[in-house]
J.: 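Supplied in structure tokens, the structure appears directly below.
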There are 2 protein chains.
Amino acid sequence: MGSMSNVPATAALPRRDQIRKEAARLFAARGFLGVGVDEIGKAVGISGPGLYRHFAGKDAMLADLLVGISERLLEEGRRRAGDRTGDDAGAQGVLDALISGHVDFALDDRDLITLHDRELLHLKEEDRRRVRRLQRGYLELWVEVVRQALPALAGPDEEPVARAAVHAVFGLLNSTPHSLGPNVAQGEWAGLPRDSMAALLHSLAQGAFAAAARSAGKPGAA
Amino acid sequence: MGSMSNVPATAALPRRDQIRKEAARLFAARGFLGVGVDEIGKAVGISGPGLYRHFAGKDAMLADLLVGISERLLEEGRRRAGDRTGDDAGAQGVLDALISGHVDFALDDRDLITLHDRELLHLKEEDRRRVRRLQRGYLELWVEVVRQALPALAGPDEEPVARAAVHAVFGLLNSTPHSLGPNVAQGEWAGLPRDSMAALLHSLAQGAFAAAARSAGKPGAA
DNA sequence: CCCCCAAGTTAATGAGCGTTAACTCCAGCA
DNA sequence: TGCTGGAGTTAACGCTCATTAACTTGGGGG
């Protein structure tokens with residue numbers, strides 16, 4: 001193996017992680033097909049095909065990023081849900097924990113959240129299935145928690161409603177990094193401090209779920 | 001000019017519109033850079049460079065689509081807001097009208113809604129500025145209406161909150177076509193009839209705005 | 001001290017793709 | 001009837017780009 005310890009601190013990250021970070025940034029900015037390998041190489045200080053010492057190919061980089069974020073989302077989601085499952089009064093608290101976790105991802109890993117529902121189609125069939133399975137597991141986790149937290153959505157007829165509501169809330173939470181992107185001023189998100197933005201997103205998600213519960217079972221069109 | 005009337009009804013659409021429709025479908029499915037002009041040509045029954053009789057280039061097709069949807073959104077939004085502006089009790093009704101209009105776009109023009117916030121970066125600078133100006137106008141329209149409908153968001157300090165909330169609700173409404181895509185069964189949206197899905201999205205958006213108003217001015221982190 | 005391998009380098013290859021050129025075809029009109 | 005121009009066709013050009021090949025280098029363990 002290579003050097004075992006003592007990273008020089010000028011390059012605090014191992015090459016592979018450095019490539020991940022820059023590739024995610026570039027893919028999010030210009031799209032997977034819009035970025036060339038030479039560009040990724042230049043971003044990490046090596047040039048062009050040197051990347052092939054660390055990844056099998058450009059596709060493999062994207063797959064690594066999407067599988068990684070999907071696994072982290074599901075893992076963290078399970079961790080937060082697993083703390084206290086099954087009891088009744090805590091269900092709202094579990095839902096809040098899920099929301100908080102997702103908001104943190106959306107605000108702190110903007111590039112990956114953007115990629116994870118934007119570039120899925122550029123994966124090879126096998127990787128795409130893998131990512132979709134992870135995403136589906138994450139969605140099911142949310143659906144279960146939502147149906148426990150909001151009894152109006154617990155009935156079997158309301159299952160599609162709960163599922164669609166979770167989809168929609170994901171869209172709500174994920175869209176913010178995308179639309180409010182490039183203002184880099186320390187901790188400022190479109191004029192709001194990071195924590196205020198997090199609290200706002202949390203409230204919006206809560207409010208959306210509450211409205212879904214309130215309107216469940218009503219046939220009325222708009 | 002060419003033939004003036006009497007479209008043969010086998011090709012109900014003029015060539016240009018037919019190209020628009022197929023290009024939108026393909027771009028939404030595989031991304032702008034992932035679709036070749038030969039493919040678009042084949043989808044409309046002509047092949048490859050024949051498209052250049054109708055569009056100046058591939059870029060021009062995307063620009064046409066994005067400018068078109070942005071203009072339609074803004075125009076229809078203004079139409080619905082213009083019916084009764086300025087009065088106080090009707091503000092909530094105007095907001096509902098805006099939401100309904102956007103939901104209709106999201107459900108009926110899925111491909112265009114998907115493209116309009118996914119492929120903006122592949123436009124040439126000039127077209128991108130044009131589309132962004134239209135999108136900004138549409139957003140400002142919503143922000144004004146939201147601040148009239150919900151007094152808690154009307155203060156000058158709450159302007160960034162209202163703006164962020166509108167962004168988030170756009171994400172909510174736009175995400176549904178994207179995540180619940182390819183189930184084509186007549187009028188079924190992930191197990192829900194179209195009108196139920198529309199009503200649900202409407203409720204989710206209302207609930208999100210209400211929650212934003214409810215939590216405005218509170219400093220609390222999650 | 002020497003060898004070896006991880007990590008890079010540049011050059012070449014080969015495929016894909018947007019666009020242009022040159023040519024064909026036919027409908028409509030004077 | 002003869003011509004004109006919109007609409008399409010195929011072939012060719014030029015460029016980009018992912019991947020591979022062949023070669024260089026430097027540091028650590030036997």
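Letters A, B, ... mirror the listed sequences (proteins, then strands); counts begin at 1.
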J.: I need the CD1-C1' distance between B:Ile40 and D:dG8, as an integer number of Å.
T.: 17 Å

J.: With a 4.0 Å cutoff (strictly under), does any side-chain N or O of B:His54 reach OP1 or OP2 of D:dG6?
T.: no

J.: Is there a side-chain polar atom (N or O) of B:Arg53 under 4.0 Å from OP1 or OP2 of D:dT9?
T.: no

J.: Would you mind reading off the distance between B:His122 atom NE2 and D:dT16 atom P, rounded to a whole angstrom?
T.: 17 Å

J.: Roughly how many Å is it from CD1 in A:Ile46 to P in C:dA6, rounded to a whole number?
T.: 16 Å

J.: Does anything in residues 55-64 of chain A form a side chain to side chain donor-acceptor pair (under 3.5 Å)? List the pairs, not counting sequence neighbours.
T.: A:Arg20-A:Asp64

J.: Return all side-chain donor-acceptor pairs below 3.5 angstrom for residues 45-57 of chain B, not counting sequence neighbours, or 'none' if the list is empty.
T.:
none

J.: With B:Asp38, which residues qualify under side chain to side chain donor-acceptor pair (under 3.5 Å), at least two apart?
T.: none

J.: Could you tell me which residues satisfy side chain to side chain donor-acceptor pair (under 3.5 Å) with A:Glu76, sequence neighbours excluded, listed by chain and number?
T.: A:Arg79, A:Arg80

J.: Suppose we screen for side-chain contact (heavy atoms from CB on, under 4.5 Å). Which residues come up paired with B:Lys42, at least two apart in sequence or across chains?
T.: none

J.: What closest approach, in Å, do B:Ala164 and A:Leu180 show between heavy atoms, and which atom pair accounts for it?
T.: CB-CD1, 4.4 Å

J.: Anything under 3.5 Å between a protein N or O and an N or O of nucleotides 17-19 of chain D, put it in a table, one pair a line.
T.:
unit_1	atom_1	unit_2	atom_2	d
D:dA18	OP1	A:Val35	O	3.2
D:dA18	OP1	A:Lys58	NZ	2.9
D:dA18	OP2	A:Val37	N	2.8
D:dT19	OP2	A:Tyr52	OH	2.4
D:dT19	OP2	A:Lys58	N	2.9
D:dT19	O5'	A:Tyr52	OH	3.1

J.: May I have the distance from A:Leu51 (atom CG) to C:dT10 (atom P), rounded to whole angstrom?
T.: 13 Å

